[in-house]
Amino acid sequence: TTMSKFLHLGLSLEEVIEATTFKPAKVLGKEDVIGTLKPGACGDIIVMKVEEGRFPLMDVVGEGRICRRRLTVVKVIKDGEIVVAFPT
């Protein structure tokens, strides 16, 4: 949902992915272990798809907006192994 909110606010898909993976890892000082697909990193990945349509987004006080694109999870990969796969 947070990633979809970033898309709605005008960030590109690339900016959304960086803001939710690499940048937090860098703040934690773990950019070589998490938030990256470099050799030797954890190998944890979420495969997502961008859906087009009309989707509600709510904020913490219950106010909502309608977004035109959202990200939904297709697969979760932990330590290089698929642990969850959702129908597409």
Side-chain angles (χ1 to χ4, degrees):
T1 300
T2 300
M3 293 172 82
S4 296
K5 289 178 180 180
F6 285 160
L7 278 177
H8 182 68
L9 290 172
L11 275 69
S12 69
L13 182 58
E14 292 79 13
E15 291 170 321
V16 171
I17 292 168
E18 182 178 8
T20 57
T21 58
F22 177 74
K23 285 186 178 181
K26 188 172 183 178
V27 168
L28 294 172
K30 296 187 175 220
E31 63 270 22
D32 292 327
V33 181
I34 60 174
T36 182
L37 296 177
K38 292 180 191 177
C42 288
D44 298 345
I45 302 168
I46 295 175
V47 178
M48 304 180 93
K49 67 179 176 180
V50 178
E51 294 182 313
E52 303 281 337
R54 294 179 49 85
F55 310 103
L57 291 175
M58 304 300 288
D59 66 16
V60 296
V61 294
E63 293 184 21
R65 301 278 188 273
I66 300 295
C67 69
R68 302 268 183 222
R69 297 187 306 159
R70 73 175 175 187
L71 291 166
T72 57
V73 176
V74 175
K75 289 183 186 171
V76 177
I77 301 169
K78 176 85 174 138
D79 296 324
E81 300 289 328
I82 297 173
V83 293
V84 178
F86 298 97
T88 56

query = Do the side chains of V73 and M3 join up, straight or via other hydrophobic residues, at under 4.5 Å, putting them in one cluster?
reply = yes
note = Looking only at heavy atoms, the pair that brings F55 and R69 closest together is CD1-C, 4.3 Å
request  = Quick one: closest heavy-atom pair of V16 and T20, and the distance?
outcome  = O-OG1, 2.8 Å
inquiry  = Looking at K5, I'd like to know if its NZ atom is crowded, meaning that more than 12 non-hydrogen atoms belonging to other residues, nucleotides or ligands lie closer than 6.0 Å.
reply    = yes
inquiry  = Test of understanding: clusters of I, L, V, M, F, W, Y form through side-chain heavy atoms closer than 4.5 Å, transitively. Do V33 and L28 belong to the same one?
reply    = yes
key: V27-F22 co-clustered via ILVMFWY side chain contacts under 4.5 Å   = no
inquiry  = Surrounding NZ of K49 (heavy atoms of other residues, nucleotides or ligands, distance under 6.0 Å), is the total greater than 12?
reply    = yes
request  = Calculate, to the nearest 0.5 Å, the distance between atoms CD1 and NZ belonging to I17 and K23 respectively.
outcome  = 13.0 Å
task = To the nearest 0.5 Å, tell me how far D79 CG sits from I45 CD1.
result = 11.0 Å
query = Atom OG1 of T36 and atom NZ of K26: how far apart are they, to the nearest 0.5 Å?
reply = 12.5 Å
ask   = Hey, is CD on E52 packed in by over 12 heavy atoms from elsewhere, all under 6.0 Å?
value = yes
message = Quick check for you: to the nearest 0.5 Å, what is the distance between T1 atom OG1 and M58 atom CE?
response = 11.5 Å
request  = Step by step, work out the side-chain contact (heavy atoms from CB on, under 4.5 Å) result for K38 and D32.
outcome  = CA-CA 7 Å; K38 292 180 191 177; D32 292 327; 2.9 Å; yes
Nearest-0.5 Å distance, CE of residue M48 to NZ of residue K75 = 14.5 Å
Hydrophobic cluster membership, L37 vs V47, 4.5 Å side-chain cutoff = yes
note = Of all heavy-atom pairs linking S4 and L71, the shortest is OG-N, 2.9 Å
Transitive ILVMFWY side-chain link V74 to L13, under 4.5 Å = no
note = Closest non-hydrogen atoms of C42 and I34, given as atom of the first, atom of the second and distance, are SG-CG2, 3.8 Å
key: Spacing of NE2 belonging to H8 relative to CZ belonging to R68, to within rounding of 0.5 Å   = 9.5 Å
query = Apart from I66 itself, what residues make up its hydrophobic cluster when side-chain heavy atoms of I, L, V, M, F, W and Y under 4.5 Å apart count as a link, directly or indirectly?
reply = none
